[in-house]
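A quick note: this is a predicted structure, and the numbers were derived from the prediction, not measured.
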Amino acid sequence: MKGAFETALVMMFGMMFMGMGMDYLKVVVMNNQARLLAENSLAILEHQNRYDASVQVLLDQNKDYCASCILMIEPHLDYVGRYRVIVNYPIELKHINYHTMAKLELLSRPLS
């Protein structure tokens with residue numbers, strides 16, 4: 001009886017920590033996907049050395065890296081000729097009922 005109780009207790013706490021670990025792993029994976037989207041979008045923007053409709057088509061094809069991310073590109077107000085690449089992505093920790101949006105922001109080189 002004592003062994004069964006101890007085993008049930010260990011399994012209950014073990015599964016709880018395993019669930020928490022899986023939630024934290026999802027956050028790390030989502031962060032990596034968002035960074036990959038942002039860095040690839042910035043590389044496309046800098047490689048083309050402009051931002052117009054044809055570059056936007058290339059950036060739209062790039063969204064496969066992170067399906068739940070929101071990509072925005074806007075000119076920087078302080079630095080003329082530079083663009084801000086902004087990626088918003090969700091973070092969820094279900095075991096503590098925490099839901100928020102994280103923001104990743106990169107700055108391009110001056111484009112001509």
Side-chain angles (χ1 to χ4, degrees):
M1 183 72 172
K2 180 183 172 194
F5 178 74
E6 289 174 356
T7 303
L9 197 61
V10 167
M11 290 194 53
M12 183 176 71
F13 284 115
M15 292 301 155
M16 179 183 70
F17 287 120
M18 185 178 288
M20 289 170 52
M22 289 172 55
D23 275 349
Y24 291 125
L25 182 64
K26 287 179 189 176
V27 170
V28 170
V29 167
M30 183 60 71
N31 188 22
N32 286 341
Q33 288 176 345
R35 179 156 297 278
L36 181 64
L37 175 65
E39 289 177 355
N40 281 337
S41 299
L42 182 67
I44 289 171
L45 187 66
E46 289 179 346
H47 179 72
Q48 298 296 324
N49 203 22
R50 66 183 190 283
Y51 181 59
D52 56 7
S54 62
V55 176
Q56 185 62 44
V57 170
L58 292 173
L59 292 174
D60 289 339
Q61 294 172 353
N62 194 30
K63 288 187 180 179
D64 293 338
Y65 290 114
C66 184
S68 59
C69 297
I70 301 167
L71 175 68
M72 294 182 296
I73 297 177
E74 57 189 35
H76 199 280
L77 299 177
D78 296 333
Y79 302 108
V80 178
R82 298 179 95 172
Y83 288 89
R84 292 174 28 190
V85 177
I86 302 168
V87 176
N88 292 321
Y89 59 98
I91 291 181
E92 297 178 355
L93 296 173
K94 293 180 182 176
H95 67 281
I96 58 173
N97 198 22
Y98 181 74
H99 305 281
T100 188
M101 291 293 284
K103 179 179 175 182
L104 185 64
E105 187 172 336
L106 302 176
L107 184 63
S108 73
R109 293 180 295 145
L111 304 179
S112 58

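- In the hydrophobic clustering of this structure, I91 groups with Y24; members are Ile, Leu, Val, Met, Phe, Trp, Tyr whose side-chain heavy atoms approach within less than 4.5 Å, directly or through other members.
- Side chain of D23 to main chain of L93: no donor-acceptor pair is present (N/O by atom type, distance under 3.5 Å, no hydrogens or angles).
- By the rule that hydrophobic residues join a cluster once side-chain heavy atoms approach within less than 4.5 Å of another member, V85 and I44 end up as members of one cluster.
- Heavy-atom contacts from other residues, nucleotides or ligands closer than 6.0 Å to CE of M20 number more than 12.
- When side chains are defined from C-beta on, M30 counts as touching C66, because their heavy atoms get closer than 4.5 Å.
- One finds the NE2 atom of H76 at 5.5 Å from the CZ atom of R84 (value rounded to the nearest 0.5 Å).
- The shortest non-hydrogen separation linking V87 to A38 is CG2-CB, 3.6 Å.
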Intermediate values then yes/no, side chain to side chain contact (heavy atoms under 4.5 Å, CB included), R35 and N32:
CA-CA 5 Å; R35 179 156 297 278; N32 286 341; 5.6 Å; no
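- The minimum heavy-atom distance between I86 and E105, with the atom names listed, is CG1-CG, 4.0 Å.
- Interatomic distance, OH of Y51 versus CG of L111, reported as 11.5 Å (0.5 Å rounding).
- Atoms CG and OG, from D60 and S41 in turn, are 9.5 Å apart once rounded to the nearest 0.5 Å.
- Scanning both residues, R50 and L45, for their nearest heavy atoms gives O-CD1, 3.5 Å.
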Assess the residue pair H95 and F17 against the criterion (ring pair (Phe, Tyr, Trp, His ring centres under 6.0 Å)); give the C-alpha distance rounded to whole Å, side-chain angles, the decisive distance to 0.1 Å, and a yes or no.
CA-CA 10 Å; H95 67 281; F17 287 120; 9.8 Å; no
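- When every heavy atom of E92 is checked against every heavy atom of V27, the shortest pair comes out as O-CG2, 4.0 Å.
- Put simply, CE on M101 and SG on C69 are 8.0 Å apart, with the number rounded to the nearest 0.5 Å.
- Hydrophobic clustering (side-chain heavy atoms under 4.5 Å, transitive across Ile, Leu, Val, Met, Phe, Trp, Tyr) keeps L104 apart from V29.
- Judged purely by distance below 3.5 Å, without hydrogens or angles, the side chains of N49 and H47 never pair a donor atom with an acceptor atom.
- N31 places a side-chain heavy atom less than 4.5 Å from the side chain of Y89.
- The minimum heavy-atom distance between K63 and L37, with the atom names listed, is CA-CD1, 4.0 Å.
- Taken from CD in Q56 to CD1 in I73, the straight-line distance is 6.0 Å, to the nearest 0.5 Å.
- Between M22 and M18, some side-chain heavy-atom pair lies under the 4.5 Å cut-off.
- Taking a 6.0 Å sphere around OH of Y79, one finds it holds 12 or fewer heavy atoms contributed by other residues, nucleotides or ligands.
- Side-chain contact between N62 and L58 is absent, with no heavy-atom pair separated by less than 4.5 Å.
- Under the 4.5 Å side-chain contact rule for hydrophobic residues, V57 and L42 do not share a cluster.
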